[in-house]
Participant: 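First the structure, which I've put down as structure tokens, then a few questions once you've had a look.
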Amino acid sequence: MRRQVLVLGLLLAFNLAVLASWRALTAAPQAAAAAPAVVAPASTAPGALSIPDTTLAINSTTPMSQRVVHYEIDAKYDAAKHTVDATEVLTYHNLTGQALDRFPFHLYQNAFQPKATFVREAKLTGSRDSRYQKWEDKLYGSEEIKSLEVVGQGDLTKGLHYLAPDDGNKDDKTVAEIQLPKPIAPGAFVQFKIAFHDQMPETQARSGWKRDFLLGGQWFPKVGVWWHGKWNCHQYHATTEFFADFGVFDVKLTVPQYEVIGASGVQVSSVDNSDGTKTVTYHGDDIHDFAWTVSPRYKVREAVYQSQMGPIQLRFLMQPAHWSQAARHEKITRDTLDRFERWYGPYPYKSLTVVDPEPDSAAGGMEYPTFITGETSWFAPDGLHLVELVVEHEFGHQYWYGMVATNEFEDAWMDEGINSYTEVKVMDSILGQGTSILKMAGATVGEREGQRLSYTSAADLDAMAQNAYDYYSSGSYAGITYGKTASVLLTLEGIIGEDTMQKAMHAYFLKYRFTHPVKEDFLKTIEEVSGRDLRWYFNQAVYGSQVMDYEVSRIESIPVNWYEDKKDRKKDKKAEDDTVYESSVWLRRKQDFVMPVEVEIKFSNGEKVRERWDGQSRWTRFAYQKKAKVTSAELDPDHTIQIDRNDFNNSFVVEPNPKPTQKLSTYWLFVTQWIGQALAWWAV
Ligand SMILES: [Zn+2]
């Protein structure tokens, strides 16, 4: 899922443009030295990264995943009522190693009801959609199991009951469970025959209808995941996404003939029926969810991309008003596919559908297997890269969610955050570091600074490693899950090296694709590839909520022979040149995040010295005796640290008069915090 970037982008553009002109007017030395860290030490140009050569061990004819589930769904959509009536045959392969007699199912559409946990939480702590100031009937969604039969065990519909494992909310119907009279033996299959009825709501949380458009997301009863010795089947929360087992999908969708349709997987057939409908059949292998969309107005652009594993059918379903942006959608898709395949691993599927959803539909910026929604508007100048940002982000989820299928309820940072990190890498590579969000009318904004700002507003509220539904607010969820994770991983590049980080990401993808890895799988991969013990960093950055703020707090230079007559020394150039100064630079660690830092100290004779401080104490002092004064000091001179909450105090220039700088500093802090707040609020 993608933050609501349009508003953000404009906000950033405006403020950064203001800031740029302010800077030009008040160009004080300290201001220049304290410019936000946007210069990377190493190139991210294609080919600049060293990636181990790997044999592509997968091909499309053999299963890539364990295929625990096989869904065969036959669904009919009533476009006037926005309802779905369907039958679902779910074949579940019991690979848990033990007998199972209890099966929980997600019924996500039931989240859109006034007493449901999703709506309750959205009202309390904010939501990605903020739709619930006033309840309206059109917001109502439901997913009702009409009947449930277990093959060989008969009709068990009456035994279905709702569960609320997370909050005990008796009115939440997003999880239902069935107890089987006869347990399913280890290694055996069980088949569920389900009839269900959906009332789709007006779009919320990337699901539902808007005018005559529909995004069919989270629309069918989906079994939970047996994970680490028990069922994992969370309720639907305001800030959570999903978790499901890999398998095979065979889905028949019957819709009016006038609809243009798109879906996960590959289209197998399309048959016109005599009643004015058509039945379109899709097949998907090794995916864990299935989404679809219809609108009578889509204009379709088709293309083929030659991936490492063969041709991919690209399909762009565009709003007619955005048709002129279709080529732009295709270009960013191709460029992104290129980076992901070369840096992380192959895209093994045969299709990718990119949907430009109905305007104002709350359906933009969403990922499903082989199916993503972008987000744009009629106003999309080339220099404002929001189309690119959303498409890149959602495509990235084909890897971090689609294939590396982490538990989005419990480890949201592992999909949204890792994806935000690769978003920075890919966007910088395609559109230039420092200009990857905006390059227009003299104003520039880069991805990494955007991620850092999103983080800084929520820096001390939560840790990355916690349940997605346990955050202080939706703003904190967004700032930490997206912005902090990206910033923490970018900072890690400065610790282990960009190339090593690249190798670790590559290794992680290859090892854990088509599985459900946990936090330690990712963190240990980085430690193994880098050969470094990084617990000191992970404990603070991933498991902790420690905040970093380092400061150059003071610089003093006094003549060693200060007691001699000053006037004489000033008059006499030689005496001035011969003066030996006792200089000191003080550094402070103002918060609780401890990390080694470098500082570059400059002297009046042009000399530069680099020092390293372990940051263990609250402050330190570097002292020198030289025939020169200290003129400036800059912490993190290579700008590798992205998690220092206030990087404006990272440098200190002795002269001239620092007053204008002070003002600028205050302004910058204000803008930073304001944008950060806005980013966090709008995020998700
Ligand atoms: Zn996302």
Side-chain angles (χ1 to χ4, degrees), residues 1-9 127-129 203-207 215 217-218 236-244 264 288-289 291 332-333 336 339-340 344 352-355 357 362-376 385-427 436-437 447-448 450-451 454-455 458 464 468-469 471 474-489 505 509 522 679-684:
M1 192 171 307
R2 178 61 206 172
R3 302 167 307 201
Q4 304 219 343
V5 286
L6 189 62
V7 183
L8 297 185
S127 142
R128 67 198 86 175
D129 294 320
T203 44
Q204 293 150 77
R206 283 68 174 172
S207 186
L215 177 57
Q218 309 307 335
Y236 198 1
H237 297 266
T239 50
T240 57
E241 294 188 281
F242 318 105
F243 188 42
S264 296
H288 53 69
D289 204 351
I332 187 65
T333 303
T336 304
R339 301 306 189 277
F340 268 87
Y344 307 118
L352 177 71
T353 299
V354 180
V355 179
M366 188 58 195
E367 70 280 8
Y368 288 105
T370 73
F371 178 104
I372 60 177
T373 66
E375 188 159 41
T376 188
H385 304 140
L386 299 178
V387 168
E388 288 76 11
L389 200 55
V390 179
V391 171
E392 190 289 333
H393 180 96
E394 306 313 336
F395 178 81
H397 277 305
Q398 297 302 315
Y399 284 64
W400 322 120
Y401 150 82
M403 285 183 271
V404 181
T406 49
N407 184 334
E408 295 183 304
F409 293 94
E410 299 180 10
D411 295 315
W413 68 276
M414 293 181 73
D415 59 294
E416 293 301 352
I418 290 174
N419 191 36
S420 295
Y421 164 70
T422 56
E423 176 185 314
V424 173
K425 306 302 292 177
V426 172
M427 288 294 284
S436 46
I437 296 180
E447 250 298 296
R448 62 186 63 209
Q451 296 291 351
S454 156
Y455 156 62
M464 279 156 57
Y469 51 87
Y471 277 81
S474 63
S476 175
Y477 163 77
I480 299 297
T481 300
Y482 293 67
K484 182 177 178 182
T485 308
S487 304
V488 160
L489 296 180
M505 295 297 296
F509 174 74
F522 179 63
L679 273 165
W681 181 253
W682 282 95
V684 179

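Read the numbers this way: they start at 1 and go in the same order the structure lists the ligands and their atoms.
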Participant: Could you tell me if the side chain of Tyr401 sits less than 4.5 Å from the side chain of Pro369, heavy atoms only?
Facilitator: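 Yes, side chains in contact.
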Participant: Which protein N, O or S atoms sit under 2.8 Å from the Zn ion (ligand 1)?
Facilitator: Met1 N, Met1 O, His393 NE2, His397 NE2, Glu416 OE1, Glu416 OE2
Participant: Holding to salt bridge (charged side-chain N to carboxylate O under 4.0 Å, His left out), I want the full list of residues that pass it with Asp289, two or more places apart in sequence or in another chain.
Facilitator: Lys222
Participant: In chain order, what residues pass the side chain to side chain donor-acceptor pair (under 3.5 Å) check against Ser207, with sequence neighbours excluded?
Facilitator: Gln109
Participant: Going through the checks in order, is the ring-ring contact (aromatic ring centres under 6.0 Å, His included) test met by Tyr344 and Phe509?
Facilitator: CA-CA 6 Å; Tyr344 307 118; Phe509 174 74; 7.6 Å; no
Participant: Just checking Phe340 against Tyr399, ring centres under 6.0 Å apart?
Facilitator: yes
Participant: Not counting sequence neighbours, which residues clear side chain to side chain donor-acceptor pair (under 3.5 Å) with Glu392? List them please.
Facilitator: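 Partners of Glu392 by the side chain to side chain donor-acceptor pair (under 3.5 Å) criterion come out as none, since no residue qualifies.
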